[in-house]
Amino acid sequence: MKNKGLFVTVAVLVIGLVGYGIFQGTQKDEKKTTTSSSEKETHRIGVLQLVSHPALDQIYEGIQEGLAKEGLKEGENLELLFQNGQGDQSKLNTMSQQLVQDKAEVLVGIATPAAQALDNNVKNKDIPIVLGAITDPKGAGLVASNEKPGANITGVSDQPPVAEIIQLAKDLFPDAKKVGMLYSSSEMNSKFQVAKARKKAEALGLEVVEKPVASTNEVAQTVQVLAGEVDFVFIPLDNTIANAMETVNQEATKQNLPIFPSVETMVEQGGLATVGISQKELGVQTGIMAAKIAKGESDPATTPIYTFSKGETIINKVQAEKFNIDLSNFDNQEIRFIEK
Ligand code: TRP
């Protein structure tokens with residue numbers, strides 16, 4: 001009798017435990033199926049790129065990679081609406097309107113003028129906007145602060161180490177007295193960088209000659225003028241100049257003028273050297289942030305701007321030889337050489 005009682009108790013306990021286990025198991029399974037079905041849900045993301053230049057193209061590639069890292073893939077659960085404004089302000093506006101009409105859930109702006117156009121066309125701030133490589137989000141009027149953006153906008157900021165670039169230029173040309181700064185008068189991102197570059201140049205005892213241009217049409221002539229006035233030229237992350245890099249290079253070659261851009265792609269195109277941020281990585285981080293917002297995992301208002309500011313020293317070997325630069329002094333530094 002006693003034994004029977006014990007047996008029943010044990011049996012009840014076992015049945016209970018096994019039952020609870022099965023119940024837990026099914027609950028977990030249910031949870032799993034709900035998450036995976038939300039990941040299967042198709043997300044529509046709109047991207048507006050200011051213009052095609054090699055750096056922005058790499059950022060867009062990175063964005064697609066970042067989206068895929070977060071499980072959003074074209075042809076499966078991602079509809080990617082891509083527009084390229086070809087550097088034209090009125091196109092940026094109509095394309096922004098188009099992306100809003102097409103009901104993109106999240107908008108991504110590559111380069112400052114593209115992000116500004118999106119912002120101007122999301123009237124009630126009801127669509128999240130992710131900034132793809134915007135140098136100065138606050139200065140461009142896009143967020144209240146980088147730490148607490150405050151509304152529908154967050155994203156990635158690229159702040160190239162301009163002081164290090166100026167230092168590198170001075171190390172390569174120790175006798176230099178004057179530095180030229182070539183940029184577009186309409187780009188907020190450039191003004192921010194030029195101000196920092198000026199500070200460093202002056203601290204090193206260099207005289208600064210700023211040459212803002214109104215459009216790409218003025219680039220060739222401005223480079224010629226600079227060649228007569230300065231020892232080397234610094235170019236910030238400026239979309240107008242990046243788009244005219246071939247012209248810059250042609251004129252600089254004619255005049256034997258060293259060019260220090262702020263990105264690797266412009267060193268590949270014939271600039272002498274830089275300390276540059278990986279454009280691909282900027283894009284990957286932008287894509288990850290856009291995906292998280294689309295999936296409802298983060299809120300732009302409380303997601304800080306992610307800032308990239310560490311660069312890699314990159315020297316164009318062919319250019320360095322042309323200027324008879326002795327690279328043996330740089331043996332113990334980490335430098336990547338481009339051989340073309
Ligand atoms: N940071 C630039 C902006 O705010 C965009 C940009 C990213 C860029 N990478 C670049 C411009 C390389 C020139 C070259 O608009």
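Keep in mind that the numbers below use all heavy atoms, side chains included, and drop hydrogens, waters and symmetry copies. All ligand and atom numbering here is 1-based and tracks the order in the structure.
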Practice task
List the closest protein heavy-atom neighbour of atom 9 (N) of ligand 1: residue, atom name, distance to the nearest 0.1 Å.
Solution key: Gln279 OE1, 2.7 Å

Exercise for the section: Specify the protein heavy atom at minimum distance from atom 8 (C) of ligand 1: its residue, its atom name, and the distance to 0.1 Å. Expected result: Asn239 OD1, 3.7 Å

Practice task
Return the residue, atom name and 0.1 Å-rounded distance of the protein heavy atom closest to atom 2 (C) of ligand 1.
Solution key: Ala133 O, 3.4 Å

Practice task
May I ask you to list the atoms of ligand 1 that are less than 4.0 angstrom from any heavy atom of Thr135?
Solution key: 1 (N), 2 (C), 4 (O)

Exercise for the section: Before accepting this row, confirm whether a basic side-chain N of the pair Glu79/Arg44 lies closer than 4.0 Å to the acidic partner's carboxylate O. Expected result: yes

Problem - For Ala55, the ligand 1 atoms whose distance to one of its heavy atoms is below 4.0 Å - result: 10 (C), 12 (C)

Practice task
Considering heavy atoms of the protein only, find what lies nearest to atom 3 (C) of ligand 1 and give residue, atom and distance to 0.1 Å.
Solution key: Thr112 OG1, 3.2 Å

Practice task
Please state whether Glu187 comes within less than 4.0 angstrom of ligand 1, counting heavy atoms only.
Solution key: no

Handout entry: With Phe260, the ring-ring contact (aromatic ring centres under 6.0 Å, His included) member among Phe234, Phe232, Phe323
Key = Phe232

Exercise for the section: Consider ligand 1: state whether an atom of it lies below 4.0 angstrom from any non-hydrogen atom of Leu56. Expected result: yes

Exercise for the section: Could you check Gln269, Gln279, Arg336 and say which one makes a side-chain hydrogen bond (donor to acceptor under 3.5 Å, both in side chains) with Glu264? Expected result: Arg336

Fill in the blank from the handout: Any heavy atom of Ala111 under 4.0 Å from ligand 1? The part involved is both

Exercise for the section: Run down the list Asp158, Ile235, Leu50, Thr240 and name the one with the heavy atom closest to atom 1 (N) of ligand 1. Expected result: Asp158

Handout entry: Nearest atoms (heavy-atom pairs only) where Thr274 meets Pro261
Key = OG1-O, 2.7 Å

Problem - Ligand-side contact atoms (ligand 1) for residue partner Ile134, heavy atom cut-off under 4.0 Å - result: 4 (O)

Exercise for the section: Look at the side chain of Gln255 and the backbone N and O of Val223, then say whether any donor-acceptor pair between them is shorter than 3.5 Å. Expected result: no

Handout entry: Test item: Lys73 side-chain N/O and Leu78 main-chain N/O as donor-acceptor pair under 3.5 Å
Key = no

Handout entry: Contact atoms of ligand 1, heavy-atom distance to Ile59 under 4.0 Å
Key = 7 (C), 9 (N)

Fill in the blank from the handout: For Thr154 and Pro304 the tightest heavy-atom approach is OG1-O, 3.5 Å

